[in-house]
Chemist: 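My structure is below; once you've seen it, I'll send some questions.
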Amino acid sequence: MKTFPLFDTQGFRDCQVNAILNLERSFSDNRPRALIQMATGAGKTYTAITSCYRLLKHAKAKRILFLVDTKNLGEQAEGEFLSYKPSDDGRLFSELYNVRRLNSSYIPNDTKVCISTIQRMYSILRGEEIDESAEETSLNEQTITSRPREVTYNPKYPPEFFDIIIIDECHRSIYNVWQQVLDYFDAFLVGLTATPDQRTFGFFKQNIVSEYTHEQAVLDDVNVGREGTYLIETQIGNNGGIILRQTVEKRDRLSRKKRWEQLDEDLNYRPSQLDKDVVNPSQIRSIIRSFKSTVLTEMFPTRQEIPKTLVFAKTDSHAEDIINIIREEFGEGNEFCKKITYAATEDPKSVLNAFRNDFYPRIAVTVDMIATGTDVKPIECLIFMRDVRSKNYFEQMLGRATRTLDYENLRRVSPSATQRKLGYVIVDAVGVTKSQKTASRQLERKPTVSLKDLMMSVAMGARDEDTLTSLASRLIKLDKVMTESEKQKFISLCDEEGITLGTQIDGGITVPFHESTISPKAIAETLLNAFDEDVVSQIARKKYNLFENEDATDEQFAKTSGQMATAASVPFHNSKIRNHIENVRKSHDQVVDNVNIDQITFSGWDSERAEKAGKVIDIFSQFIEDNRSSIEALEIIYSQSYKHRPLTLKMVKELYDTLQKAPYYLTTEKLWTAYATRHSDKVKEKNVVNQLADIISLIRFELGQTSELSLFSSDVNVRFQSWIWNKNKGHGQFTEEQTEWLRMVRDHIATSMQITADDLDFTPFDSKGGLGRFYQLFGNEYESILNEMNYALVA
């Protein structure tokens with residue numbers, strides 16, 4: 001591929017320039033696959049579009065395919081392509097090159113950039129039509145109703161149809177059934193991701209042309225970091241509950257239709273069953289009440305309204321429960337909290353736009369729809385009411401809150417914000433920050449595919465690892481909730497239908513079993529064994545008469561694994577077995593626990609928050625030590641020499657400007673939050689009113705000149721009460737009008753640190769007669785009163 005000319009890098013971040021140039025170098029070296037790893041919010045899509053433009057213009061690329069994970073992300077990418085204007089041309093990208101988001105099986109010949117989900121491209125190559133609804137959820141959540149078929153040659157779209165394929169956040173779905181789409185085309189493959197794992201590196205041949213981590217993005221002010229994790233623990237959330245045998249409310253998971261039914265035995269449920277098998281409204285309510293009571297006092301003490309908050313729920317039904325309880329507890333209408341899921345009755349796209357740009361909703365609840373890729377910059381708080389086992393998925397969820405946002409745009413949706421977005425807070429109500437994370441996905445690979453569809457997929461020939469392990473996961477869960485009578489009926493049915501314990505492959509070899517009785521769990525073990533490297537190797541050695549220390553060849557291993565998968569799938573070819581399993585699943589509805597009232601067992605910041613607060617205070621202490629002799633305001637406060645040199649607004653502004661710059665990077669809000677975390681018993685007020693004035697209180701507290709940290713205005717008010725009481729005691733009572741003027745002087749000092757006679761000719765004094773009236777009221781003592789108040793109220 002030809003050498004690319006240099007380009008005007010003005011307006012580009014260094015990480016973007018680095019990615020573009022290194023990718024072009026990779027193309028020039030004829031390397032077929034390349035990976036761009038770039039933190040959320042760093043501009044991956046903009047980088048990719050710039051590369052597309054340069055490839056089309058300078059490398060004469062014929063056609064580029066931009067693959068996305070969902071329809072929602074495709075629409076976002078289309079908008080960015082249409083609004084992109086290259087630096088070396090006054091026209092828009094779409095005026096130079098035809099861009100088309102594919103929504104049918106037809107691709108116009110003049111299209112230069114095609115935007116598509118990988119499932120639509122798969123259907124195009126197969127010559128089939130799919131509905132856009134099939135592109136709404138992530139590929140890992142799509143139902144497979146038949147065995148995946150290989151892509152065959154399509155004369156309309158031959159392998160050379162695309163020169164380059166850019167895969168945007170599709171790394172979770174290109175390793176199994178969908179990889180055949182990428183393998184079909186003879187094209188350069190470029191991956192874009194913020195959260196790569198080992199499979200990602202392997203797929204792209206470890207050709208990482210750009211590495212820009214979240215930590216580096218925070219240092220470069222491209223992302224904001226996590227300010228802290230606030231933990232909310234409840235008794236039932238930690239320990240589960242027990243419902244004694246009685247009549248209980250039951251609810252259908254999907255329709256939410258309720259009925260009452262007598263329990264056959266006591267129900268002892270575990271925390272992992274909450275919001276799946278058992279719904280305890282009190283547990284959800286306890287979490288929401290704790291959040292409500294602390295969000296504006298401990299998490300965001302400077303705010304008047306709830307910051308934009310995203311709640312992650314387990315299921316759509318769980319999301320409904322959360323929304324209803326949030327509206328009740330906050331006493332707000334429907335606009336305050338809304339659901340953003342594909343199953344929502346209200347258009348999720350319009351709700352998402354409102355959440356991004358308007359005051360309402362303040363809180364949004366989602367399951368998976370905006371867990372990845374979707375840009376909502378004002379989010380400052382994430383509430384986890386579901387656990388996540390995948391490390392990569394968890395990092396992507398955190399990415400929803402890492403986007404930076406300037407002060408004006410943040411204030412537009414959160415009016416009480418006092419400065420730009422500086423970070424975000426996690427509220428962990430399920431232990432997600434403590435649970436063990438894995439780099440790869442768990443057994444459940446297809447969380448939204450029904451058990452019925454999984455069994456039918458296997459019956460129709462699906463043998464891929466994702467389908468079989470997901471089915472095994474469901475059977476294991478089902479086995480745990482089955483009653484003894486249901487298990488006995490299952491054994492009898494298997495006996496009638498000739499389903500035996502053990503997986504036999506050719507040669508009379510039986511796969512070893514841990515279970516002694518046939519059950520859903522036993523069948524699950526056979527499914528998992530087919531992809532267990534140790535088990536497959538052991539069976540392959542028996543099958544091919546190998547020595548114990550001799551490894552099977554790749555071909556022998558693959559053939560054995562395939563035979564084991566086929567043998568393990570036998571029970572699902574029987575419709576009676578499938579129907580029985582499905583009927584058992586249906587019988588286990590959710591139980592609504594209205595008996596056990598939950599209690600908060602712990603609510604507060606995790607240890608990481610306290611450590612960060614300590615570091616901030618240490619930096620502040622170093623600032624005072626470094627500058628106590630060079631910054632005039634700091635020198636006055638340190639030596640308490642107010643009588644000789646009164647503090648002025650200009651002095652304090654100089655101090656604050658230095659504090660905000662390198663190497664300190666501190667603000668009043670950040671310091672106040674740190675002291676409220678480390679010394680909560682000594683911080684009287686939680687809200688910072690005036691950045692310049694309140695820095696005086698912070699310095700005094702750090703120097704030990706005061707035993708409690710209170711707002712500067714509060715200190716001034718206390719000092720004023722003492723001063724005026726002493727004056728009245730010694731010189732007779734001030735008149736009502738004199739007292740009113742003295743209060744105005746007090747308020748001026750509270751915000752400006754000092755008052756002069758000239759200030760009395762400005763607002764608010766001028767409306768009361770200005771300096772002339774003040775002189776009439778206090779006579780020749782007017783200047784001494786002002787000087788006395790300057791010292792008494794500030795010193």
Side-chain angles (χ1 to χ4, degrees), residues 236 239-281 283 314-315 317-318 321 443-444 447 449-456 458-459 469-502 513-528 568 570-572 574-596:
I236 290 174
N239 305 312
I242 183 169
I243 306 175
L244 300 179
R245 190 174 67 169
Q246 58 185 285
T247 301
V248 297
E249 180 184 336
K250 286 195 173 183
R251 185 178 75 187
D252 184 87
R253 296 173 192 269
L254 297 180
S255 68
R256 296 174 66 86
K257 185 178 179 180
K258 299 176 182 178
R259 70 179 190 277
W260 292 88
E261 189 175 297
Q262 174 73 32
L263 287 176
D264 295 330
E265 55 188 15
D266 294 348
L267 175 62
N268 195 340
Y269 62 87
R270 303 178 301 279
S272 60
Q273 291 176 268
L274 278 169
D275 309 304
K276 296 175 182 176
D277 304 315
V278 180
V279 176
N280 187 316
Q283 190 260 347
K314 298 171 186 175
T315 63
S317 178
H318 187 212
D321 292 330
L443 289 181
E444 182 57 82
V449 180
S450 69
L451 175 58
K452 182 179 179 181
D453 284 339
L454 284 172
M455 290 191 294
M456 183 56 70
V458 174
T469 53
S470 295
L471 178 54
S473 176
R474 305 292 178 84
L475 294 174
I476 291 168
K477 292 175 184 176
L478 186 65
D479 190 87
K480 290 177 181 178
V481 299
M482 287 175 71
T483 64
E484 194 58 38
S485 61
E486 287 171 339
K487 289 181 179 179
Q488 288 301 323
K489 188 174 180 179
F490 183 82
I491 292 171
S492 299
L493 182 61
C494 287
D495 185 51
E496 292 171 8
E497 299 301 311
I499 306 299
T500 58
L501 185 66
F513 250 79
H514 294 103
E515 299 294 314
S516 58
T517 307
I518 193 164
S519 64
K521 182 179 178 182
I523 294 175
E525 185 181 350
T526 68
L527 296 169
L528 295 176
V570 168
F572 304 100
N574 188 301
S575 61
K576 290 182 180 180
I577 298 293
R578 295 198 307 271
N579 291 338
H580 179 70
I581 292 174
E582 177 63 7
N583 289 334
V584 170
R585 183 203 64 79
K586 287 181 178 177
S587 69
H588 289 272
D589 297 303
Q590 291 178 320
V591 174
V592 180
D593 182 3
N594 291 314
V595 178
N596 293 296

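Just so we're clear, the structure is a prediction, and the values are computed from it rather than from any experiment. Note: hydrogens, waters and symmetry copies are ignored here, and every other heavy atom, side chains too, is used.
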Chemist: I need the minimum non-hydrogen distance between Val458 and Leu471, along with the two atoms involved.
Modeler: CG2-CD2, 3.8 Å

Chemist: Is any side-chain heavy atom of Thr469 closer than 4.5 Å to one of Leu528?
Modeler: yes

Chemist: Heavy atoms, side chains only, cut-off 4.5 Å: are Leu274 and Lys314 in contact?
Modeler: yes

Chemist: Please confirm whether the backbone N or O of Ile242 pairs with a side-chain atom of Asn268, one donor and one acceptor, at under 3.5 Å?
Modeler: no

Chemist: When you measure from the side chain of Asp495 to the backbone N and O of Ile491, does any donor-acceptor pair fall under 3.5 Å?
Modeler: no

Chemist: Working to the nearest 0.5 angstrom, can you tell me the gap between Leu451 CG and Met456 CE?
Modeler: 11.5 Å

Chemist: Only one of Leu527, Ile523, Ile581 passes side-chain contact (heavy atoms from CB on, under 4.5 Å) with Pro571; say which it is.
Modeler: Ile523

Chemist: Might you point out which heavy atoms bring Phe490 and Met482 nearest each other, and give the distance in Å?
Modeler: CB-CE, 4.3 Å

Chemist: For the atom pair CD1 (Ile243) and CD (Glu265), what is the distance rounded to the nearest 0.5 Å?
Modeler: 12.5 Å

Chemist: Is it the case that Thr483 and Ser485 place a side-chain donor and acceptor less than 3.5 Å from each other?
Modeler: yes

Chemist: Got a second to check how far Lys452's NZ is from Asn579's CG, nearest 0.5 Å?
Modeler: 8.0 Å

Chemist: Please list, chain by chain and in numerical order, all residues satisfying side chain to side chain contact (heavy atoms under 4.5 Å, CB included) with Lys489, sequence neighbours excluded.
Modeler: His580

Chemist: Treating Glu525 as the side-chain partner and Ala522 as the backbone partner, does any N or O pair qualify as donor plus acceptor under 3.5 Å?
Modeler: no

Chemist: Would you name the heavy atoms of Val584 and Leu478 that are closest together and state the gap between them?
Modeler: CG1-CD1, 3.9 Å

Chemist: Is a side-chain donor or acceptor of Arg578 paired with a backbone partner of Phe572 at a separation under 3.5 angstrom?
Modeler: yes

Chemist: So, for Leu475 and Ala524, which heavy atoms are closest and what is the spacing to 0.1 Å?
Modeler: CB-CB, 4.0 Å

Chemist: Among residues at least two apart in sequence or on other chains, which ones pass side chain to side chain contact (heavy atoms under 4.5 Å, CB included) with Asn574?
Modeler: Glu497, Lys576, Ile577

